[in-house]
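Structure first, commentary second.
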Amino acid sequence: MMATKPKKKNPRLASGRKRARQNIKLNAANSSLRSKYRTAIKNVEKAVLAGDKAKATELFAKMQAVVDTIADKGIFHKNKAARDKSRLSAKVKALAAAAA
């Protein structure tokens with residue numbers, strides 16, 4: 001036998017039905033933004049690992065804008081965004097110092 005989640009019942013009240021519709025849309029939008037955030041960070045990390053200083057600094061600037069907007073929307077906590085920016089900044093600076 002497979003253990004499956006019990007199916008959610010449809011809300012009876014109109015306000016509940018509307019909230020369910022809104023939740024689906026918000027979840028899709030937030031998932032997209034979360035993915036964009038993670039992709040931006042991964043791109044910088046890949047450039048750092050490859051040792052490409054110019055590309056890493058360019059991607060880092062773009063990543064900062066993405067991270068800030070998503071943190072402002074409350075999708076990720078502001079402290080998490082600051083921590084991610086700080087760690088990547090250190091990696092990019094270390095790459096620049098190693099190349100010099």
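One is the number of the first residue; the rest follow in order along the sequence. Note that the coordinates shown come from a computational prediction; the quantities given were computed from them, not determined experimentally. All heavy atoms count here, side chains included; hydrogens, waters and symmetry mates do not.
Taking CZ from Arg21 and CG from Leu26, the interatomic distance works out to 12.5 Å, rounded to the nearest 0.5 Å. Annotation: the span from Ile41 atom CD1 to Phe60 atom CZ amounts to 10.0 Å, rounded to 0.5 Å. To the nearest 0.5 Å, atoms OG1 (Thr39) and NZ (Lys46) are separated by 8.5 Å. Here the straight-line distance linking atom CD of Gln22 with atom NZ of Lys18 works out to 5.5 Å at 0.5 Å rounding. How far CG of Leu33 is from CZ of Arg38: 11.5 Å, rounded to the nearest 0.5 Å. The distance from the CG atom of Asn10 to the CZ atom of Arg17 is 8.5 Å, given to the nearest 0.5 Å.
In this structure Lys42 satisfies the salt bridge (charged side-chain N to carboxylate O under 4.0 Å, His left out) test with no other residue, sequence neighbours excluded. With sequence neighbours left out, the side-chain contact (heavy atoms from CB on, under 4.5 Å) criterion links Lys93 to Ser89. Under the rule for a side-chain contact (heavy atoms from CB on, under 4.5 Å), the partners of Arg83 that lie at least two apart in sequence or sit in another chain are Lys80, Arg87.
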Carefully, step by step, assess Arg34 and Ser31 under the rule side chain to side chain contact (heavy atoms under 4.5 Å, CB included). CA-CA 5 Å; Arg34 246 183 264 115; Ser31 297; 3.8 Å; yes
Could you give me the CA-CA distance, side-chain angles and deciding distance for Lys53 and Val48, then say whether side chain to side chain contact (heavy atoms under 4.5 Å, CB included) is met? CA-CA 7 Å; Lys53 185 181 94 170; Val48 168; over 6 Å; no
Set out, in order, the CA-CA distance, both residues' side-chain angles and the distance that settles side chain to side chain contact (heavy atoms under 4.5 Å, CB included) for Asp72 and Lys78, then state yes or no. CA-CA 7 Å; Asp72 286 341; Lys78 287 183 187 292; 2.9 Å; yes
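Across every non-hydrogen atom of Val67 and Ala81, the tightest pair is CG1-CB, 3.4 Å. Of all heavy-atom pairs between Ala47 and Leu59, the closest is CB-CD1, 4.1 Å. A pairwise comparison of heavy atoms in Gly51 and Leu95 identifies CA-CD1, 3.7 Å as the closest pair.
Side-chain contact between Tyr37 and Ile75: absent, with no pair of heavy atoms (C-beta onward) separated by less than 4.5 Å. When side chains are defined from C-beta on, Asn43 does not count as touching Met63, because their heavy atoms never get closer than 4.5 Å. With contacts defined as side-chain heavy-atom distances shorter than 4.5 Å, the pair Asp68/Lys85 qualifies.
Without hydrogens or angle criteria, Thr69 side chain to Ala65 main chain gives a donor-acceptor distance under 3.5 Å.
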